[in-house]
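Have a look at the structure below, then the notes.
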Number of protein chains: 2
Amino acid sequence: MSSNWVDIRDEIRRRVLERELLPGAKLPNDQELAEEFKCSRTTVQRAMLDLAQSGTVDRRRKGGTTITLHPITRTTFDIPITRLEIEAAGNDYSYFLVSREILVSPPRVASSFGLAEPTEMLRVTALHMANKQPYIFEDRWIAHETTPEILDVDLSRESANEWLIRNRPYSDCEVRFLAKRATRQEAELLASDVDEALFVMERTTWINGAPITMVRAIAKPGYQLVAKAN
Amino acid sequence: MSSNWVDIRDEIRRRVLERELLPGAKLPNDQELAEEFKCSRTTVQRAMLDLAQSGTVDRRRKGGTTITLHPITRTTFDIPITRLEIEAAGNDYSYFLVSREILVSPPRVASSFGLAEPTEMLRVTALHMANKQPYIFEDRWIAHETTPEILDVDLSRESANEWLIRNRPYSDCEVRFLAKRATRQEAELLASDVDEALFVMERTTWINGAPITMVRAIAKPGYQLVAKAN
DNA sequence: TAGTGGTCTAGACCACTCA
DNA sequence: GAGTGGTCTAGACCACTAG
């Protein structure tokens with residue numbers, strides 16, 4: 001007779017779907033819902049936490065709980081380590097280093113870190129392959145002032161990404177998705193036409209405000225990132 | 001002296017960051033953590049729920065709680081209604097319908113819905129503009145068998161997206177991000193070069209298994225989707 | 001089958017914010 | 001100032017699963 005929190009969540013979702021609750025509609029308060037569903041307020045709270053996290057309802061102290069006025073599509077993507085993504089698909093992973101040099105970072109890199117001045121950084125480019133076919137081209141800038149040990153790592157054997165994950169945790173991360181035209185180098189490495197449209201995942205990470213790395217993962221033509229939403 | 005759940009979460013995060021806890025490390029069980037943090041097990045549970053949802057730890061009954069073995073970047077994107085996105089940036093929104101016709105859906109559309117057979121659908125294309133500049137070109141297929149009322153809507157006045165959101169809730173949604181080269185039509189409408197790389201957000205929605213709509217939101221050149229992760 | 005996390009209860013106090 | 005959601009407690013039982 002009494003409900004668990006999943007039942008309550010699903011019932012509220014059903015009411016939204018059946019248009020018994022329209023965007024902006026106010027729900028009864030937690031105490032009243034607890035009586036309706038014959039459960040404790042804690043259980044209602046648990047259901048509402050889930051609905052709020054998925055963007056279905058807005059909750060405000062004193063203001064109460066309302067159905068989200070402007071529905072959005074909330075999507076969660078897990079961006080895995082490239083090697084694991086390839087291996088999870090049952091393919092053979094290989095990797096090779098394309099270049100490694102110390103350069104002054106161009107403005108787009110410095111500004112992505114929030115740095116006013118261009119800084120010397122370690123720039124590494126590498127190719128990740130699935131079954132010997134190009135999969136992702138990685139264009140990475142590493143703030144070796146923050147992580148000097150990276151200068152001693154043999155990046156032809158291990159990808160900078162995996163070394164950093166094991167040795168240099170981050171506190172903040174920003175992700176950007178975008179499209180870019182293949183340069184001649186990218187086209188050659190990814191076996192695509194010049195001017196092909198390529199999907200790019202860009203990540204910048206910091207540790208307590210200090211820049212760690214900024215990486216562009218440039219995917220082979222046709223790559224898609226897929227997720228279920230809501 | 002006793003901790004709240006945010007303190008506990010942050011302390012576990014700190015231990016991961018400081019490498020006191022390495023990937024794969026096993027945490028004490030909830031009861032022991034409750035004693036360590038001088039709080040009830042419920043409070044530990046709340047902290048662990050958050051850490052598990054963010055992908056920091058894995059929790060399994062009997063298996064206990066471990067630091068995630070292979071760190072991933074988990075990112076949440078909110079895809080808003082285009083009009084609201086433009087208005088939120090302080091820009092003037094305008095919209096116009098480019099085409100509206102009933103067509104048999106091509107295979108890529110039918111298969112995106114999981115339909116074996118190509119089906120007649122309403123196909124609508126439209127342009128969303130910010131300050132009179134092209135912003136997003138929308139290429140949409142609507143299963144009018146599921147939502148026949150859409151045939152009577154004046155789509156030159158209101159975008160199909162906003163009408164659908166108000167009148168046709170969905171139960172399932174799949175999102176795909178990809179890059180594509182601009183066709184001549186897209187280049188003209190978005191004021192870009194032919195062959196420019198464009199960022200595409202594709203969404204397919206269903207209501208209890210029945211297809212509703214599949215939309216490609218093709219963004220103007222230079223568009224980026226940005227999010228904070230973890 | 002025993003250990004661990006997941007959930008529920010009933011009650012309390014707190015923190016925010018709307019009117 | 002008062003109403004509402006957020007959190008905490010102490011204890012109980014349940015559900016899953018590793019060994």
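Note on naming: letters A, B, ... go to the chains in the order of the sequence lines (proteins, then strands), and numbering restarts at 1 for each one.
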Rounding to a whole Å, what distance do you find between B:D50:CG and C:dG5:P?
17 Å
Rounded to whole angstroms, how far apart are CD on A:Q31 and C1' on D:dG3?
13 Å
Taking five pairs at each end of the helix from C:dT1-D:dA18 to C:dC18-D:dG1, what angle separates the two helix axes (nearest 10°)?
20°
Does OP1 or OP2 of C:dT4 have a side-chain N or O of B:R60 closer than 4.0 Å?
no
Pairing donors with acceptors under 3.5 angstrom, does anything connect the side chains of A:T204 and A:S112?
yes
Quiz question: by atom type and distance under 3.5 Å, do the side chains of B:T205 and B:T213 form a donor-acceptor pair?
no
Only counting residues at least two apart or in another chain, list the ones meeting side-chain hydrogen bond (donor to acceptor under 3.5 Å, both in side chains) with A:N167.
none
Contact summary for B:W206 and B:Y170, nearest pair of heavy atoms:
O-CB, 3.4 Å
Rounded distance (Å) that lies between atom P of C:dG6 and atom CZ of A:R9:
15 Å
Note: for A:T65 and B:K62 on DNA chain D, the residue whose nearest nucleotide lies more 5' is A:T65
Protein-nucleotide distance (A:D58, atom CG; D:dT4, atom P), rounded to Å:
17 Å
Rounded off to whole Å, could you give me the CZ-to-C1' distance for the A:R59 and D:dG5 pair?
5 Å
A:L33 CG to D:dT4 P, straight-line distance once rounded to whole Å
12 Å
Those residues that, when tested against B:F96, pass ring pair (Phe, Tyr, Trp, His ring centres under 6.0 Å) (two or more places apart):
none
Is it the case that A:E85 and A:Y93 place a side-chain donor and acceptor less than 3.5 Å from each other?
no
For nucleotides 7-11 of chain D, tabulate all protein N/O to nucleotide N/O atom pairs closer than 3.5 Å, reporting atom names and distance.
residue	atom	partner	partner atom	Å
D:dT7	OP1	B:W5	NE1	3.0
D:dT7	O4	A:R41	NH2	3.4
D:dC8	OP1	B:W5	N	3.0
D:dT9	OP2	B:S40	N	2.7
D:dT9	OP2	B:S40	OG	2.8
D:dT9	OP2	B:T43	OG1	2.6
D:dA10	N6	B:T42	OG1	3.3

Of all the heavy-atom pairs spanning B:R168 and B:T146, show the shortest one and how long it is.
NH1-O, 3.5 Å
For B:Y95, which residues count as a ring pair (Phe, Tyr, Trp, His ring centres under 6.0 Å) partner, sequence neighbours excluded?
B:H128
Scan the side chains in residues 64-71 of chain A for donor-acceptor partners under 3.5 Å anywhere in the protein, sequence neighbours excluded, and list what turns up.
residue	atom	partner	partner atom	Å
A:T65	OG1	A:R59	NH1	2.9
A:T68	OG1	A:G55	O	2.6
A:T68	OG1	A:T56	O	2.8
A:T68	OG1	A:V57	N	3.3

